[in-house]
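Please read the structure below before turning to the comments.
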Amino acid sequence: MTYRTGRLVAALLASTIAGQAFAQDVTVVLSEELNTVEPCMATQSNVGRVLLQNISETLTELVPGEGLQPRLATDWEDMGNGTWRFHLREGVSFSDGTAFDAEDVKFSLERNLSDKFVCETGAKYYGGMTLTTNVVDENTIEITSDPAQPILPLLMSTLAVLPSETDPDAFTDAPVGTGPYTFDEYARGQHIKLSARDDYWGEAPEVTSATYVFRSESAVRAAMVAAGEADIAPNIALQDATDKGTDYAYPNSETVYMRLDLSAAPLNDVRVRQALNYAVDKEAFVGTILADGTLLSTGMTPPSTIGYNHDLDPYPFDPDKAKGLLEAAQSDGVDVGAEITVIGRLENFANVVETMEALTSMWQDVGFNVKLQMVEVAEWNKYYSKPFPEDIGPTMVQAMHDNANGDPVFSMFNKYASDGVQSGTADPQLDEMITKATGASGDAREALWEEVFAYVHDDLVADVFLWHMVGMSRVNERLDFTPSIRTNSELQLSQISFK
Amino acid sequence: MALAETDTPKMTKSTHPALTMGRMLWRDKFAFFSALFLILMVLCALCGPTFLEDIATKQNLRGRNAPPFDFSKAWVYWLGGDALGRPLLARIIVAAQNTLFVATGAVICSLTIGTTLGMIAGYSRKVTSQIIMRLADVIMAFPSLLLAVIVLYMLPPSVGNLIVVLTITRIPVYLRTARAEVLEVRGRMFVQAATVMGASTPRIVFRHILPVILPTLVTIATLDFALVVLVESSLSFLGIGIQPPEITWGLMVSQGRPYLTSAWWLSFWPGLVIILTTLSLNLLSNWMRTALDPVQRWRLEIARKKQ
Amino acid sequence: MQSFLGKRAVASAISLVGLIILVFFLSRLTGDPTDLYLPVDASLESRERFREINGLNDPLLIQFVHYMGDLLRFDFGDSIRRSEPALEAVLRGFGWTLQLAVITMSLVTVSAIVLGSLAAFHVGGIFDRIATFFSLIGASAPDFWVAIVAIVIFSVGLGWLPTSGTGTPWHWVLPVAVLFIRPFGLILQVVRGAMITALHAPYVKTARAKGVRNRPIIFVHALRNALLPVITVIGDQTTAILNGAVVVETIFGFPGIGKLMIDSILQRDFNVILAAIMVTAFAIFLLNLLIDILYAVLDPRIRY
């Protein structure tokens, strides 16, 4: 017994001492286990939070407030005809010791478009264009897109670069990259461990090692930071963010809206769509069901995106006006009493059910005949993406869209163009406006996007515009780290320091 | 059991049977209050939606999560308000209808089907018995969540379909228990006597065996009542059960879950009602076992004589 | 006995095949995993490519033949979602859950039988009342409620136990405690009920009439007869843990098969669903076999 007690004491002592020696270790608690640790799947937010810029780096990097910055590319230039030339950083090596060069970039891009598997990065960002590469020399590469992409350097902020020795035909479960950390251990279901490497090209980070664990309950994630078992919980629910000292709100680049199917009566009447917008008391949600700092939206992308139209005013809460519009529509023979199905997606964000119930009752209050149906994600997909189910009558689908990439092009085509996968509109004029803005660059691009936003919001009234969301993070007080809009898709350990 | 049948009329001949039962119920205060509570819940289920539907769905975002015990407000707010400012007490009353319907429906269906199959399996030839038992194996091994996803993905999530899902998943426990009990009872003296005397199989099973095995099955059924309510709750939470704007107690509990640390009352009250209902059912069923079993009935009779 | 085992093995194999066929076709009726797997913004062509690569474009029957062919070579296929062999993920999860089930059910069985029998000895007594009351509350309390409240009290408030996860024996305390409550309440009630019946059965009375005054002997005799339904319920509850400790595993971040199963169902990861069902079904069939053998051991009148 004495022996065992002694051992216990020794073990406790050892762990305290060890705790101090490795105080530079950080534990991050994520909301779900990673499905994969393949860098080309880093568009999934939890995969991105582990891998992006920690293990795998990109050619360029979008920094909030500063715009596009160099990372593995030091600078780049437009060669015309859709070709961009990237000058790569010299003296960079992968964590397996091999040197980084233009061939690796070429390999990574091609691997993303492989026909042996489907990479999310490729599927999400490089669809609808052909990308070809030309290795000029070891440290220079030209990338050509057809049709021309004025934002090609921005697109390259999504491409995680892997060494050309990686298996081109299968997902990797031991990712290697140029980043400041190496991927050490992957105990499925339990944890992932990273540690800092000595031969990183940049400044050595303060955090020497990191452990990622997974808990799907927001209350548990919050409790873990409170109990000192974890240092960062990037994503907790509003009602668990009760401690002002540790909990941060940050705009998380998500926008919530109701997608309307404009082809079905009565939603094909613009007055009905306006009435839907006027009927919602959007401000009543802020600070109650949704976090303080949630912004009322007038468009699909967060306000930090270029071309966001700051002159648009959100539809105010005006139930009388909504009722008036409905009456006017009715006297023109529009069947405003038709039952409209509202599809909500369960688990989409914290408090989504309450939000949808509240919205439904607001529409009912001005006289809409709406029926709420909350569905799980597989069923929701049926309604959200084309081909839409037939014979379901007029439908509004609640959705949350994420655009952290700074340009509306990642949103507008799919959401509004006639051929867009989730578009409920088919408006030739809008199609043309989107095509024009996509092909423009500089100030003209910005102005054209502003026009698109104004047209969608004021003229077409294509959606029920709701909110730009706010995320909540809990950060242990011993850390010096402030979550930003990027925290939704990445979590750079090198940006964390200790107080 | 043969003894029981001749005994019962003698004991109750002096007064009307219902009166006797009522008196015996009054002796056992726990059972008495359980019965009262259950009657109250049934009344809520029958009348609640008619009178309180509107109040229960009236939202007030700025008065959300109102704490309980604020007696200056209308009585429906005494248990507090939910995440949309709706009165919890009114919602619990309205939700009684769906909840009791789903749970009672599922428990009765699975009890009936499971017991019947179990008795057949226990009493019949080996082949039939084998087929039924393997069927039970398949149902037991088929994850209830998958079954729910399949049924409720293809059919609209209605109360009726939910009962089907819950019934199927709960059949095996009755089936296996019934069979086990039959196997045990079958060998007892009185059954063998009945067989020797030429009683038909249905008569043996329903007149002689069923009364003996029913108490255990009813015990399980009363406990299963809570389980079914809770399973219904987790199904709702996973998006494959009843969804808002419909309400059940289970759905209320799961909707209150995110607020457990900040507004405990959201899931506490509906949870408490589930517990109280189960508790009442169980105390009442325990009492009934005693009251209906002539061998043990003296416990209640003596209590009367003492007074 | 040997012929019984042989017949039983054949019957179980038939059930298993039936189960596979049922699950294979029914699960595929619940939608296409493509949209779940790819980002919503993915182009239609990459969706098509994904279906092609994963064989989702083939007719169902062809898919089934392929699957069964692979299965005969013990190839359970890969997880679409998790980029690893389905069986690997399933066996890992099953190992965790099995440990959880064995620890919990051992504790439950011992404590429920002892306390339930004691309650049955003095029906209506104070101990009976207390045991009944608490076991019923336990059996009807929502487990996620208990789990989160336990974390708030014991981990955050008192700091006695880790909130969640795995690693030390301390990590097992809360999950086991939460899982313990419901089967304990249920089995205690069944033990109590069966014991009351058994204690009043004619043969126990006969024994008493014949002058057996020794309580332990009566107790043991009654218990032996009361055990049959009890064992059934224990089996049912063990199955319930093997098949669905979802809530506890989810909240405590416990990498078991319940969590894996619900994730795969919601993500339509068919290979994992099938592998998980086969593994749990196999375990459940074994368990049921064990129970049937126990019946025969406990009650010599039952023969197979």
Side-chain angles (χ1 to χ4, degrees), chain A residues 216-223 226 236-243 247 280-290 317 341-365 370-382 392 472, chain B residues 53-67 81-86 88 91 145-146 148-158 233-248 250-267:
Chain A
S216 37
E217 275 297 307
S218 163
V220 175
R221 292 196 295 277
I236 59 173
L238 171 64
Q239 51 270 14
D240 294 316
T242 47
D243 184 344
D247 300 337
V280 177
D281 186 0
K282 295 188 275 279
E283 286 188 26
F285 291 76
V286 180
T288 53
I289 300 181
L290 305 173
F317 174 52
T341 311
V342 177
I343 305 290
R345 176 176 158 182
L346 287 160
E347 308 260 310
N348 197 199
F349 52 86
N351 304 348
V352 62
V353 178
E354 289 94 323
T355 305
M356 293 314 297
E357 280 193 271
L359 284 172
T360 308
S361 90
M362 285 172 181
W363 286 315
Q364 282 164 345
D365 284 347
V370 285
K371 196 186 81 187
L372 173 64
Q373 211 178 319
M374 296 299 303
V375 297
E376 49 135 350
V377 55
E379 210 174 341
W380 175 84
N381 265 317
K382 279 200 307 204
I392 51 161
M472 305 299 298
Chain B
E53 183 86 68
D54 289 341
I55 302 172
T57 51
K58 181 81 196 123
Q59 298 179 357
N60 173 19
L61 281 188
R62 291 176 173 94
R64 71 195 299 256
N65 293 346
D82 75 355
L84 293 171
R86 297 171 295 197
L88 279 172
R91 287 178 72 72
L145 287 169
L146 180 62
V149 171
I150 292 168
V151 172
L152 300 171
Y153 184 87
M154 292 187 295
L155 306 170
S158 71
S233 145
S234 48
L235 284 182
S236 301
F237 176 77
L238 292 166
I240 37 195
I242 285 190
Q243 287 302 324
E246 293 279 346
I247 34 175
T248 63
L251 182 58
M252 289 178 73
V253 175
S254 81
Q255 279 200 291
R257 176 167 83 150
Y259 300 94
L260 266 179
T261 49
S262 51
W264 53 270
W265 51 93
L266 262 63
S267 64

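Each chain gets a letter, A, B and so on, in the order the sequences are listed, and its residues count up from 1. From a predicted model like this one, the values you see are computed outputs, not experimental measurements.
- Comparing A:A358, A:G344, A:S218, A:A223 by heavy-atom pairs within less than 4.5 Å of chain B, the highest count is held by A:A358.
- Comparing A:T242, A:L238, A:V377, A:N351 by heavy-atom pairs within less than 4.5 Å of chain B, the highest count is held by A:N351.
- In terms of the ring pair (Phe, Tyr, Trp, His ring centres under 6.0 Å) criterion, A:F349 has no residue partners (sequence neighbours excluded).
- The part of A:D281 that comes within reach of chain B is its side chain, from C-beta onward, which places non-hydrogen atoms under 4.5 angstrom from that chain.
- Within 6.0 Å of CD in A:E283 there are 12 or fewer heavy atoms belonging to other residues, nucleotides or ligands.
- When every heavy atom of A:E354 is checked against every heavy atom of B:L84, the shortest pair comes out as O-CD2, 3.5 Å.
- Among A:K371, A:K382, A:M356, the residue with the largest count of heavy-atom pairs under 4.5 Å with chain B is A:K382.
- Only the side chain of A:M362 comes within less than 4.5 Å of a heavy atom of chain B; its backbone N, CA, C and O stay farther away.
- Taking A:A284, A:A350, A:G287 one by one and counting their heavy-atom pairs under 4.5 Å with chain B, the maximum is reached by A:A284.
- Scanning for side-chain contact (heavy atoms from CB on, under 4.5 Å) contacts around B:A263 gives B:N65, B:Y259, B:W265, B:L266, with sequence neighbours left out.
- A distance of 9.0 Å separates CD1 of B:I247 from CD of A:E357, quoted to the nearest 0.5 Å.
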